[in-house]
Amino acid sequence: MYMEKLMRLIEMTPLLLLLFLPFAFAGHDYNQALSKSILFFEAQRSGYLPHNQRVTWRANSGLNDGKASGVDLVGGYYDAGDNVKFGLPMAFTITMMSWSIIEYGKQMGANGELGHAMEAVKWGTDYLIKAHPEPYVLYGEVGDGNSDHYCWQRPEDMTTDRHAYKIDPSNPGSDLAGETAAAMAAASIVFRRSNPAYSTELLRHAHQLFEFADKYRGKYDSSITVAQKYYRSISGYNDELLWAAAWLYQASNNEYYLNYLGKNGDSMGGTGWAMTEFGWDVKYAGVQTLVAKFLMQGKAGLHAPVFERYHQKAEYFMCSLIGKGGRNIQKTPGGLIFRQRWNNMQFVTSASFLATVYSDYLASSRGNFKCAAGNVAPSELLSFAKSQVDYILGDNPRATSYMVGYGNNFPRQVHHRASSIVSFKVDPKFVACRQGYGTWYSRKASDPNVLTGAIVGGPDAYDSFADERDNYEQTEPATYNNAPLLGILARLGGGHGGYNQLLPVVVPAPNPVVAKPKPAPKPKFTPTPATSSNPITIEQKMTTSWNAKGKTYYRYSTIVTNKSYKTLKDLKLSISKLYGPLWGLSKSGNSYGFPPWLNSLPAGKSIEFVYIHSTSPADVSVSSYNLA
C-alpha cells in the first residue's frame with residue numbers, strides 16, 4: 001500500500017512548478033525589507049570590521065576574545081542587544097540564514113543581495129571554525145550575561161569579563177555541538193559552488209561535531225552553566241542530533257545520516273513530538289519538515305514508514321499554523337502568532353519560514369495535505385506566511401513596523417547597547433559600565449544610531465506595544481529573529497524561482513570527509529568516460545533500495561557532466577531499459593533533454609536526474625549535442 005502511494009507521488013512530481021508561476025506580491029516592498037534585514041547582521045558583528053562594512057557607526061570590538069584561554073575567538077555575532085557571544089543561538093542563526101539561501105538564493109541574486117547574505121553566513125562560520133579548534137572541543141560562549149547586563153556600554157568600550165566557555169568529552173553539550181554541526185553542514189551547501197575548498201572545510205567540521213555530539217551526550221547548559229539564565233536548553237539534545245543528521249545528509253548524501261534519522265526517529269522524538277513552535281531551542285518541527293522533503297524526493301528507502309511518521313508531524317505543525325489542526329497556535333486579534341511575551345517575534349519568523357518552504361515542497365510534488373478541518377493547498381501556507389510578514393512590516397492594529405528603519409512608524413528606542421549610545425566614531429570618549437545606564441539607557445529619546453533591519457520582540461497577545469528602551473521583552477532585537485525572515489522576504493519579493501524545489505540543479509557535493517561515523521556502503525558507479533569525441537560523462541549510482549510486496553526497488557541518481565571547455569546546448573539523451581518514473585529531464589519523442597528551467601550547461605558543470613525501477617541501471621547514452 002505504501003509503495004503504491006510512493007509511486008503515485010513520484011509519478012505526479014512535475015518538472016516545472018505549475019501551481020506557482022513567477023510573481024511578486026504587491027503592497028510591501030519585500031526587496032527593500034530583505035536588504036535591510038541583511039544589513040542588521042553587520043550591526044551585530046564582533047571583531048575586526050572589514051573595509052566594506054556598511055553599518056559605519058560600528059567599530060572594532062572584542063579583540064581579545066579567547067586570548068586568556070589561548071585560542072583566537074575574535075569575530076562572530078552578538079546575539080541581541082547585549083555584548084555576549086552565545087554559541088547556541090548564533091549557530092541556529094547561521095543554519096537558518098543558510099537554509100534561506102539554499103531555498104531562495106536565486107531570488108536573492110536577482111535582488112542583488114545574495115553576496116551580502118553569503119557574507120553574513122561566512123562571518124558566522126569563520127567564527128565557528130575558530131571555536132572548534134579540536135574535534136572534541138567547542139567553545140560555546142564568550143562573555144558572561146550577568147556581568148554584561150550589569151553594564152550598559154558600547155561593544156567598543158567593553159570592560160566586562162570576556163571569559164570563554166567550552167564543551168569537551170568531560171563536559172559535553174550535544175545540543176550545542178549538534179546545532180553547530182547543522183550550521184556548518186548547511187553553510188557548506190551555500191559555498192559549494194563559489195568556494196569549494198571552504199565548503200569542504202565546513203563539512204569536515206560538521207562531521208566531527210556530529211560525532212562529538214552523538215558520542216559524548218549531555219546538555220550544554222549543564223557544562224556551560226552561565227548560559228542557563230539566558231539560553232537554557234529546555235528541549236534537551238535529541239532534537240539537535242536529528243537536526244544535525246538531516247543537514248549532514250542534505251550536505252553530503254551520506255547514507256549514514258539518512259539511516260540515523262530512520263533508526264532514531266522514534267526513540268529520539270522526531271516522529272513523536274507534535275509541535276506548535278520552532279526556534280533556537282526546539283528543532284523538531286524543522287527536522288520533520290526536512291525529513292518530509294526527503295520522503296517527497298523518494299529518498300526514504302527502507303525507512304519510508306518512519307519517515308511517513310515524521311511527515312505526519314510536519315503536517316500537524318502546518319495545520320496548527322493556519323488554524324485547521326486539532327491544536328492550533330494562538331494568535332493575537334490582529335492575526336500574529338503569539339507564543340510568549342518576551343521576544344515573541346522569533347517564533348513568528350521561524351514558523352513562517354517553515355510554512356513557506358513546505359508550501360513550495362508541496363507545490364513541487366503537486367500535492368495537498370489534509371488537516372482536521374479539511375484539505376489544504378500549498379497556496380494557503382504561503383498566504384499565511386505572507387500575512388505574518390505583512391503584520392511585521394506594518395499591517396497591524398497599531399500600523400507599526402516591527403522592522404527598524406522600514407516604513408515611517410517603527411521602534412525608535414530599541415533595547416540595544418550599540419544603537420542607543422552615540423557612535424564611537426562620533427564621540428570616542430569612553431562610556432563607563434554604569435555610566436551608560438544613567439546617560440543613555442534612561443534617555444527618553446530616539447536612538448542616535450538607527451539599527452536598520454532589526455526585528456524587535458514585538459507586541460503582546462493583544463497587539464499592544466510600548467516603544468521604550470527598558471521594555472526589553474518587546475524592543476530587544478535578535479539575530480535569530482531575522483535569519484528565517486531572509487528566505488521568506490526573498491520568496492515574496494522574487495516570486496517562485498521557476499524550478500522544482502525538490503530537485504535543484506547543483507554540482508555534485510564534494511566527497512565528505514567522515515570523522516568516523518559508521519560508513520555507508522560505497523555506491524557503485526557506471527561512468528561513461530569523456531573522450532575528445534565525446535566530452536560528456538554520465539555517472540550512475542544506486543542511492544537506495546527497498547522491498548515492497550516481494551519486489552526490490554532501486555533509486556538511481558545519474559550525473560551528466562560537461563567536461564568540455566565550452567557551453568553544452570541542445571543535449572539529447574537516449575534512455576532504454578527504463579521501467580519506472582524519471583524526473584529531472586524533459587522528454588521529447590524517444591529522447592530526453594534539459595529540463596524546462598535549464599537551456600544550457602556551462603563548462604565543468606553538471607546536472608542530476610533520478611529514476612526508480614526494480615532492476616539494474618537503465619542504459620543512458622548521448623544521442624546528440626552542440627558546443628557553443
Side-chain angles (χ1 to χ4, degrees), residues 36-37 39-46 49 53-62 77-85 143-162 229-230 341-345 392 394 398-460 464-479 481-482:
K36 291 178 183 293
S37 66
L39 190 63
F40 165 66
F41 289 97
E42 296 195 18
Q44 297 301 108
R45 284 173 170 171
S46 181
L49 301 187
Q53 171 82 8
R54 295 177 295 163
V55 179
T56 56
W57 48 265
R58 279 294 322 283
N60 298 338
S61 63
Y77 288 112
Y78 303 119
D79 70 305
D82 51 26
N83 300 325
V84 183
K85 294 190 296 198
D144 167 48
N146 293 329
S147 63
D148 184 88
H149 286 196
Y150 181 75
C151 300
W152 193 264
Q153 289 177 291
R154 296 174 296 206
E156 296 83 358
D157 288 329
M158 274 189 295
T159 56
T160 51
D161 175 43
R162 301 301 288 174
K229 186 177 175 181
Y230 305 96
R341 179 177 168 83
W342 190 339
N343 190 15
N344 180 64
M345 213 60 91
I392 292 171
R398 296 187 80 259
T400 295
S401 166
Y402 294 105
M403 176 184 284
V404 177
Y406 181 89
N408 297 317
N409 182 25
F410 56 83
R412 309 280 176 167
Q413 296 186 37
V414 181
H415 185 90
H416 190 273
R417 286 160 175 75
S419 67
S420 67
I421 303 175
V422 66
S423 170
F424 183 84
K425 294 182 178 179
V426 173
D427 183 358
K429 185 178 179 182
F430 178 71
V431 177
C433 169
R434 301 298 291 176
Q435 177 192 354
Y437 276 109
T439 306
W440 298 102
Y441 179 80
S442 58
R443 181 171 168 264
K444 303 300 181 185
S446 298
D447 296 332
N449 311 303
V450 179
L451 193 62
T452 301
I455 301 296
V456 298
D460 65 14
S464 298
F465 177 81
D467 184 13
E468 298 167 354
R469 194 167 295 112
D470 61 357
N471 181 18
Y472 54 86
E473 292 182 338
Q474 294 190 321
T475 63
E476 187 172 19
T479 54
N481 294 7
N482 279 61

So which heavy atom on [X] is nearest to which on [Y], and how close?
X: Ser61; Y: Pro155; result: CB-O, 3.4 Å
X: Arg469; Y: Ser420; result: NE-CB, 3.5 Å
X: Ala43; Y: Leu451; result: CB-CD1, 3.6 Å
X: Glu476; Y: Gly81; result: OE2-N, 3.0 Å
X: Val84; Y: Arg162; result: CA-NH1, 4.3 Å
X: Pro459; Y: Gln474; result: C-NE2, 3.6 Å

Looking only at atom types and distance, does a side-chain atom of [X] sit under 3.5 Å from a main-chain N or O of [Y], one as donor and one as acceptor?
X: Lys425; Y: Thr56; value: yes
X: Asn409; Y: Ala399; value: yes
X: Ser401; Y: Gly394; value: no
X: Gln53; Y: Glu42; value: yes
X: Asp447; Y: Val414; value: yes
X: Gln44; Y: Ala80; value: yes
X: Asn482; Y: Ile455; value: yes
X: Thr475; Y: Asn471; value: yes
X: Thr160; Y: Asp148; value: no
X: Arg443; Y: Ser446; value: yes

Would Thr159 and Gln153 count as a side-chain hydrogen bond (donor to acceptor under 3.5 Å, both in side chains) here? Give the steps. CA-CA 8 Å; Thr159 56; Gln153 289 177 291; 3.1 Å; yes
Please tell me if the side chains of Ser37 and Tyr406 come closer than 4.5 Å, counting only heavy atoms from C-beta onward. no
Can we call the ring centroids of Tyr472 and His149 under 6.0 Å apart? no
Counting only heavy atoms not in [X] (residues, nucleotides, ligands), do more than 12 fall under 6.0 Å from its [atom1]?
X: Tyr150; atom1: OH; result: no
X: Phe410; atom1: CZ; result: yes
X: Lys444; atom1: NZ; result: yes

What's the spacing between [X] [atom1] and [Y] [atom2] if we round to 0.5 Å?
X: His416; Y: Trp152; atom1: NE2; atom2: CH2; answer: 8.5 Å
X: Lys85; Y: Tyr77; atom1: NZ; atom2: OH; answer: 12.0 Å
X: Thr479; Y: Asp79; atom1: OG1; atom2: CG; answer: 6.0 Å
X: Arg412; Y: Asp467; atom1: CZ; atom2: CG; answer: 8.5 Å
X: Glu473; Y: His415; atom1: CD; atom2: NE2; answer: 10.5 Å
X: Glu156; Y: Asn83; atom1: CD; atom2: CG; answer: 8.5 Å

Do Tyr230 and Asn146 have side-chain N/O donor and acceptor atoms under 3.5 Å apart? yes
One pair to check against side-chain contact (heavy atoms from CB on, under 4.5 Å): Thr452 and Val55. What are the steps and the verdict? CA-CA 9 Å; Thr452 301; Val55 179; over 6 Å; no
Please enumerate all residues that pass salt bridge (Lys or Arg N to Asp or Glu O under 4.0 Å) together with Asp157, with sequence neighbours excluded. Arg154
